[in-house]
Each structure stands twice: as structure tokens, then as C-alpha cells.
Enquirer: 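So that we are looking at the same thing, I have put the structure below in C-alpha cells.
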Amino acid sequence: MKVVIYSNSSLGGCYEYAKQIATEYTRHTEVEWCKALFPKNSAKECAQTVDILLKDRIFRSIWKLFGKIYFLYRSLINPIRAYKYATKNNADILIFNDFDQVTSYFWTRRYRRRKFKTAIILHDPDRTAYFRRKSLSESTMQRIMDVMDIAFYHEKLPPLPYYSNKDNRIIFSHIPHGIYPPDSPDTEIAKTFQNIKNQGFTTLSITGNIRAEKNYKIAIDAVAQLPNTVLIIAGRSVTVNENVDTYRLYAQEKGVSERVIFIEKYLNNNELSAVFTNSDIILLYYSTAFKSQSGILNSLSPYKPKLIVSDTESGMAQSVKKFGIARLASPDRVAALVEAIKTYPAENPYTEHWQKFADYSSWKNNIAIQISTYNQSVTNNENA
């Protein structure tokens with residue numbers, strides 16, 4: 001089995017995920033070789049790296065219009081380069097760990113005639129709001145699904161029109177996310193937490209890209225009712241619609257600006273490790289609007305931390321319920337969050353459950369299911 005993995009980001013969750021599955025694929029006896037296609041500016045941290053995709057993270061500081069044009073260009077060129085690489089090297093399957101929805105009207109035409117299987121990993125399965133126009137979001141995502149043979153998802157697949165699969169052509173398969181290995185904690189961020197704790201405060205944290213669904217305002221409201229608590233918001237804005245300054249101003253309005261600390265940057269693995277290791281409680285108190293999957297549980301697993309997770313229908317909440325690894329709280333309610341924080345036992349009662357979650361969510365299990373699904377797809381074609 002010859003495997004190509006397409007991942008058009010040089011950092012972040014999808015990048016880390018691609019590295020892990022590429023490494024695990026090479027360990028499997030059925031796999032002859034596996035190559036992961038990354039942007040040219042990505043770190044060569046994965047032995048399977050082939051850096052033939054156009055660079056990302058450039059032109060951010062100059063000429064926003066030019067940056068947008070470049071984004072469109074790379075979104076068109078990269079999937080075509082992946083097609084050519086898979087074709088030239090006689091790949092058996094091309095896996096889209098990340099995908100280019102904005103230009104799908106164009107690049108998918110090349111994929112209508114292919115000699116290899118195509119699969120997509122739906123880390124963010126709800127693509128209805130990708131564009132401001134819902135109809136455009138749905139039609140572009142439909143173009144992508146039209147050229148897929150297999151679709152993998154984590155925990156839950158929303159009932160959206162582009163997943164209807166009326167002719168049963170696509171095999172949909174549930175896979176675990178995989179467990180990310182822990183890294184050494186960054187010393188500077190660890191000091192920040194320890195200085196706060198030395199003053200007698202309980203530390204809460206919210207990490208990752210700034211997204212409205214993470215309920216920062218509700219968390220700030222909770223801090224206002226918990227005088228011995230400090231909230232650390234560690235992450236950066238990635239869209240013009242979400243600005244850290246909005247939450248800084250809100251903290252000032254609530255009179256808790258000294259107890260809401262912002263670490264406004266993209267956190268590398270060592271910095272995330274420092275946050276995970278030193279937080280008294282980590283908040284995954286997402287709003288009911290959050291429908292996507294989240295790999296954060298798999299990053300947190302080695303640390304076995306105290307978590308508060310909103311009790312919604314998201315895949316993340318379903319995992320928490322299935323394995324009993326965190327405290328659940330009613331979503332979008334300040335009182336519910338305050339109560340969950342105040343009544344959390346000093347000793348984490350969920351620690352022992354994390355091992356079952358880790359066993360199920362291993363990369364070995366992830367790839368075993370992916371290969372089994374590929375074999376099923378081949379068999380279906382032979383019997384057609």
C-alpha cells in the first residue's frame with residue numbers, strides 16, 4: 001500500500017496530526033511507503049516529509065490584498081501538485097488531512113479521473129459557514145465530497161447535505177483522533193503560572209486560536225464571581241472577526257483586568273505543555289454553537305488534567321461522556337460554570353479514566369481503521 005498525505009499547513013493541529021499518522025502508517029506491515037506533503041516552509045520534523053506545496057504564513061504583514069491573492073493561488077496549485085505527485089508515484093491512496101474548499105470548483109475537476117483512492121479526514125465537519133453565503137459553503141464542500149471515496153471523522157458526523165451519500169459511493173468511517181506525546185514545559189510560561197499560584201490564586205486557562213465559541217466572556221464573568229481565581233487566555237486571533245482586544249476591554253468593564261491574563265501568541269508544543277501542566281483547571285466550556293471536532297482532548301491526555309467541558313452535542317462532549325474524563329457543565333450559563341469551578345474536588349476524580357481514553361485513541365488504532373476502510377473500498381470496487 002502506497003500512501004500520500006496532503007496537509008497544506010506548516011503548523012497547528014492539522015500539521016501535528018499529519019506528522020503522527022504519517023509516522024504510524026510506516027509502521028504498518030501493509031504499507032510499502034508513506035509520504036506527507038507539506039508546505040516548503042514547514043519544519044522537517046517528520047521523516048516522511050515531502051515539501052512540494054507552496055509556502056503558507058507569508059505576506060501577512062504586508063499588502064493584505066496581495067496576501068489574499070496568494071492564498072487563493074496556493075489553494076488552487078497545492079491540490080493539483082498533490083494529484084501529480086500521487087499519479088507519478090503510483091500511490092494507492094491520497095488522504096486529504098487538510099483541504100482547499102475555497103477553490104474546489106476548479107481543482108476537483110482534475111480528480112475526476114484518477115488511478116488512486118481519495119480519502120478526507122473531517123477534522124472540522126461542519127463547513128456550512130465557511131463562506132458568508134451558506135449556499136456557497138455547501139456547494140464548494142459538495143464539490144470536494146464528489147471526488148472522495150472515503151471520509152473519516154472523529155466521534156460525530158453532522159447530518160449535512162454534502163454528507164448525504166445517496167448512492168452509497170463514499171465509505172464513512174469513524175476513527176479515534178490519536179494521542180499527542182507530551183513535550184517539556186516552557187520555563188517562562190511555567191513561571192507565569194507559578195507566580196500567580198504563589199499569590200494564592202487558582203488558575204483557569206483557555207488555549208488555542210481565539211474563537212467566539214470558546215465563551216471567553218462567560219469565563220470572564222465567572223472570574224468576576226470568584227475572587228481567588230485568575231484566568232489565562234493563551235492564543236492568538238486568526239480572523240478579523242475575533243480580536244483579543246475585545247476581551248481585554250470586557251475584562252476591564254467587569255473590573256477583573258488584573259485577573260485575566262492574555263498570552264497573545266501561537267503556542268508551540270513546549271508552551272502548550274507548560275499551560276497544561278500548570279493550570280489548576282482547563283476550560284473547554286464551548287458554546288452550543290460549537291459543532292466541530294476538537295483534538296484538544298488528545299493533546300491533554302498525557303497530562304490527565306482537571307477539565308470543565310460544556311455539556312453539548314459536540315463530538316468532544318460525547319468523548320467526555322463516554323470515557324468519564326472531565327466534569328460537565330450546562331452550556332452558556334455563568335452560574336453553571338461558577339458552580340463547576342467551585343465544587344471541583346481538590347483531587348481529580350477522573351484521573352484513572354484517562355488510560356481507557358488513551359488506549360482507544362491511539363495512533364495505532366487510528367491507522368488500523370484507516371487501512372481496513374481502504375481495503376473495504378478496494379473490495380467494493382472489485383465486487384461492483
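Quick caveat: nothing in here was measured; it's all calculated off a predicted structure.
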Enquirer: Can you list the steps and then say if Arg248 with Glu264 is a salt bridge (Lys or Arg N to Asp or Glu O under 4.0 Å)?
Expert: CA-CA 11 Å; Arg248 280 201 178 94; Glu264 190 179 353; 3.2 Å; yes
Enquirer: Quick one: pull up CD1 in Ile120 and CE in Met141 and give me the separation to the nearest 0.5 Å.
Expert: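 So the CD1 of Ile120 and the CE of Met141 are separated by 4.0 Å.
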Enquirer: Quick one about Asn8 and Asp100 (side-chain donor to acceptor, distance below 3.5 Å, no hydrogens or angles considered), yes or no?
Expert: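 Checked: Asp100/Asn8 side chains pair up, N/O donor to acceptor below 3.5 Å.
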Enquirer: Of Asp311, Asp332, Thr312, which is the lone residue that meets side chain to side chain donor-acceptor pair (under 3.5 Å) with Thr288?
Expert: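 When Asp311, Asp332, Thr312 are each tested with Thr288, the side chain to side chain donor-acceptor pair (under 3.5 Å) holds only for Asp332.
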Enquirer: Tyr216 vs Tyr247 aromatic rings, parallel, tilted or perpendicular, using cut-offs 30° and 60°?
Expert: tilted
Enquirer: Can Gln101 and Thr140 be said to form a side-chain hydrogen bond (donor to acceptor under 3.5 Å, both in side chains), step by step?
Expert: CA-CA 6 Å; Gln101 187 170 342; Thr140 51; 3.1 Å; yes
Enquirer: Taking CD in Gln199 as the centre, count heavy atoms belonging to other residues, nucleotides or ligands within less than 6.0 Å. Is the count above 12?
Expert: yes
Enquirer: Flag the pair Lys304 and Glu352 as a salt bridge only when some basic side-chain nitrogen lies within less than 4.0 angstrom of an acidic carboxylate oxygen.
Expert: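 Salt bridge absent between Lys304 and Glu352.
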Enquirer: Does any donor atom in the side chain of Glu24 or Asn366 lie under 3.5 Å from an acceptor atom in the other side chain?
Expert: no
Enquirer: Could you check whether atom NZ of Lys44 has more than 12 heavy atoms from other residues, nucleotides or ligands sitting under 6.0 Å from it?
Expert: yes
Enquirer: Within the 4.5 Å heavy-atom criterion, are Ile232 and Val275 side-chain neighbours or not?
Expert: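 When only atoms from C-beta onward are counted, Val275 and Ile232 do not touch, as no gap falls below 4.5 Å.
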Enquirer: Would you call the rings of His154 and His177 parallel, tilted or perpendicular if under 30° counts as parallel and over 60° as perpendicular?
Expert: tilted
Enquirer: With no hydrogens and no angle check, do the side chains of Ser279 and Ser205 hold a donor and an acceptor under 3.5 Å apart?
Expert: yes
Enquirer: So Ser137 and Arg132, side-chain hydrogen bond (donor to acceptor under 3.5 Å, both in side chains) or not? Walk me through it.
Expert: CA-CA 8 Å; Ser137 296; Arg132 290 186 179 180; over 6 Å; no
Enquirer: Nearest 0.5 Å please: distance from the OG atom of Ser9 over to the CD atom of Glu16.
Expert: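 Ser9 OG to Glu16 CD: 11.0 Å, rounded to 0.5 Å.
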Enquirer: With the 4.5 Å side-chain cut-off for hydrophobic clustering, are Phe106 and Met148 part of the same group?
Expert: yes
Enquirer: For the residue pair Asn198 / Gln194, report whether a side-chain donor-acceptor contact shorter than 3.5 Å exists.
Expert: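 Distance-only check fails for Gln194 and Asn198.
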Enquirer: Between Trp33 and Val4, is the side-chain contact (heavy atoms from CB on, under 4.5 Å) condition met? List the steps.
Expert: CA-CA 9 Å; Trp33 55 258; Val4 177; 3.9 Å; yes
Enquirer: Is the shortest side-chain heavy-atom distance between Ile233 and Ile263 below 4.5 Å?
Expert: no
Enquirer: Assess the residue pair Asn228 and Thr202 against the criterion (side-chain contact (heavy atoms from CB on, under 4.5 Å)); give the C-alpha distance rounded to whole Å, side-chain angles, the decisive distance to 0.1 Å, and a yes or no.
Expert: CA-CA 6 Å; Asn228 296 320; Thr202 296; 5.5 Å; no
Enquirer: Check whether the side chains of Gln370 and Tyr25 place a donor and an acceptor atom closer than 3.5 Å, and report yes or no.
Expert: yes
Enquirer: Begin from the C-alpha positions of Lys115 and Asp92 and carry the test salt bridge (Lys or Arg N to Asp or Glu O under 4.0 Å) through to its verdict.
Expert: CA-CA 8 Å; Lys115 296 180 180 180; Asp92 294 305; over 6 Å; no
Enquirer: Under the side-chain hydrogen bond (donor to acceptor under 3.5 Å, both in side chains) rule, what do Thr103 and Ser75 come out as? Steps first, then yes or no, please.
Expert: CA-CA 6 Å; Thr103 56; Ser75 296; 4.9 Å; no
Enquirer: Would you check if there is a donor-acceptor pair between the side chains of Asp221 and Tyr250 at a distance under 3.5 Å?
Expert: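 The answer is yes; a qualifying pair exists.
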Enquirer: Heavy-atom count check: over 12 atoms from other residues, nucleotides or ligands less than 6.0 Å from Lys364 NZ?
Expert: no
Enquirer: Are any non-hydrogen side-chain atoms of Thr118 and Ile93 less than 4.5 angstrom apart?
Expert: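 No, their side chains stay 4.5 Å or more apart.
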Enquirer: Any chance you could lay out the salt bridge (Lys or Arg N to Asp or Glu O under 4.0 Å) test for Asp280 and Lys306, step after step, and finish with the verdict?
Expert: CA-CA 7 Å; Asp280 291 315; Lys306 289 184 178 181; over 6 Å; no
Enquirer: Would you say the side chain of Leu272 lies within less than 4.5 Å of the side chain of Asp183, judging by non-hydrogen atoms?
Expert: no
Enquirer: In the single-linkage hydrophobic clustering (I, L, V, M, F, W, Y; side-chain heavy atoms under 4.5 Å), do Leu297 and Leu328 co-cluster?
Expert: yes
Enquirer: Does a donor on one side chain and an acceptor on the other come within less than 3.5 Å for Ser184 and Asn270?
Expert: no
Enquirer: Ignoring hydrogens, what is the shortest heavy-atom contact between His123 and Cys14? Give both atom names and the distance.
Expert: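 Of all heavy-atom pairs spanning His123 and Cys14, the closest is CD2-SG, 3.8 Å.
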Enquirer: What I'd like to find out is whether the side chain of Ile308 reaches to under 4.5 Å of the side chain of Tyr344, using heavy atoms alone.
Expert: yes
Enquirer: Do the rings of Phe323 and Tyr360 sit parallel, tilted or perpendicular, given the 30° and 60° boundaries?
Expert: tilted
Enquirer: Kindly compute the distance separating NE2 (His353) from CG (Asn348), expressed to the nearest 0.5 Å.
Expert: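 Reported to 0.5 Å precision, the distance equals 10.0 Å.
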Enquirer: Between Trp107 and Tyr73, is the ring centre distance below 6.0 Å?
Expert: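 Between Tyr73 and Trp107, which both carry aromatic rings, the centre distance is not below 6.0 Å.
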Enquirer: Does the side chain of Leu37 come within less than 4.5 Å of Ile5's, by heavy atoms?
Expert: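 They are not in contact (no side-chain heavy atoms under 4.5 Å apart), so the answer is no.
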Enquirer: Is a side-chain donor-acceptor pair under 3.5 Å present for Asp359 with Gln355?
Expert: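 The answer is yes; a qualifying pair exists.
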Enquirer: Could you check whether Tyr153 and Phe172 have their ring centres less than 6.0 Å apart?
Expert: no
Enquirer: Using a 4.5 Å cut-off on heavy atoms from C-beta on, say whether the side chain of Leu300 contacts that of Ile282.
Expert: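 A side-chain contact exists here, since the closest heavy-atom pair is under 4.5 Å.
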Enquirer: With rounding to the nearest 0.5 Å, note down the distance linking CG in Asp146 to OH in Tyr162.
Expert: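 That separation rounds to 13.5 Å.
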Enquirer: Can you confirm whether Lys321 is buried at NZ, in the sense that more than 12 heavy atoms of other residues, nucleotides or ligands lie under 6.0 Å from that atom?
Expert: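 Yes, enclosed.
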Enquirer: If only side-chain N and O atoms count, and only distance matters, is there a donor-acceptor pair under 3.5 Å linking Asp56 with Ser10?
Expert: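 Looking only at side-chain atoms, Asp56 and Ser10 do form a donor-acceptor pair, the distance falling under 3.5 Å.
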Enquirer: Looking only at the side chains, is there a donor atom on one of Asp126 and Thr128 sitting less than 3.5 Å from an acceptor on the other?
Expert: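 Side chains of Asp126 and Thr128: pair found under 3.5 Å.
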Enquirer: Would you kindly confirm whether Val223 and Ile281 end up in one hydrophobic cluster when ILVMFWY residues are joined by side chain heavy atoms under 4.5 Å apart?
Expert: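 Yes, Val223 connects to Ile281 through the hydrophobic network.
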Enquirer: Check the side chains of Tyr303 and Ser273 for a donor-acceptor pair under 3.5 angstrom, ignoring hydrogens and angles.
Expert: yes
Enquirer: Within the side chain of Arg114, is there an N or O that forms a donor-acceptor pair under 3.5 Å with the backbone of Val147?
Expert: yes
Enquirer: Do Leu94 and Lys117 have side chains that approach each other closer than 4.5 Å (heavy atoms only, starting at C-beta)?
Expert: no
Enquirer: Evaluate side-chain hydrogen bond (donor to acceptor under 3.5 Å, both in side chains) for Asp98 paired with Ser7, printing each intermediate quantity in order.
Expert: CA-CA 5 Å; Asp98 211 343; Ser7 196; 5.0 Å; no
Enquirer: Under 3.5 Å, is there a donor-acceptor pair linking the side chains of Ser301 and Tyr180?
Expert: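 Side-chain D/A pair, Ser301 to Tyr180: absent.
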Enquirer: For residues Ile341 and Ile206: do they belong to one hydrophobic cluster (side chain heavy atoms under 4.5 Å, members Ile, Leu, Val, Met, Phe, Trp, Tyr)?
Expert: yes
Enquirer: With a 6.0 Å cut-off on the ring centroids, do Trp363 and Tyr17 count as close?
Expert: yes
Enquirer: Measuring from atom CG of Leu267 to atom CD1 of Ile189, what distance do you get when rounded to the nearest 0.5 angstrom?
Expert: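 One gets 5.5 Å once the value is rounded to the nearest 0.5 Å.
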Enquirer: Does the separation of the ring centres of Tyr111 and Phe96 fall below 6.0 angstrom?
Expert: yes
Enquirer: Above 12 or not: heavy atoms from other molecules or residues under 6.0 Å from NZ of Lys356?
Expert: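 It does not: Lys356 NZ has 12 such atoms or fewer within range.
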Enquirer: Answer yes if Val31 and Tyr6 sit in the same cluster of Ile, Leu, Val, Met, Phe, Trp and Tyr residues linked by side chain heavy atoms under 4.5 Å apart, and no otherwise.
Expert: no
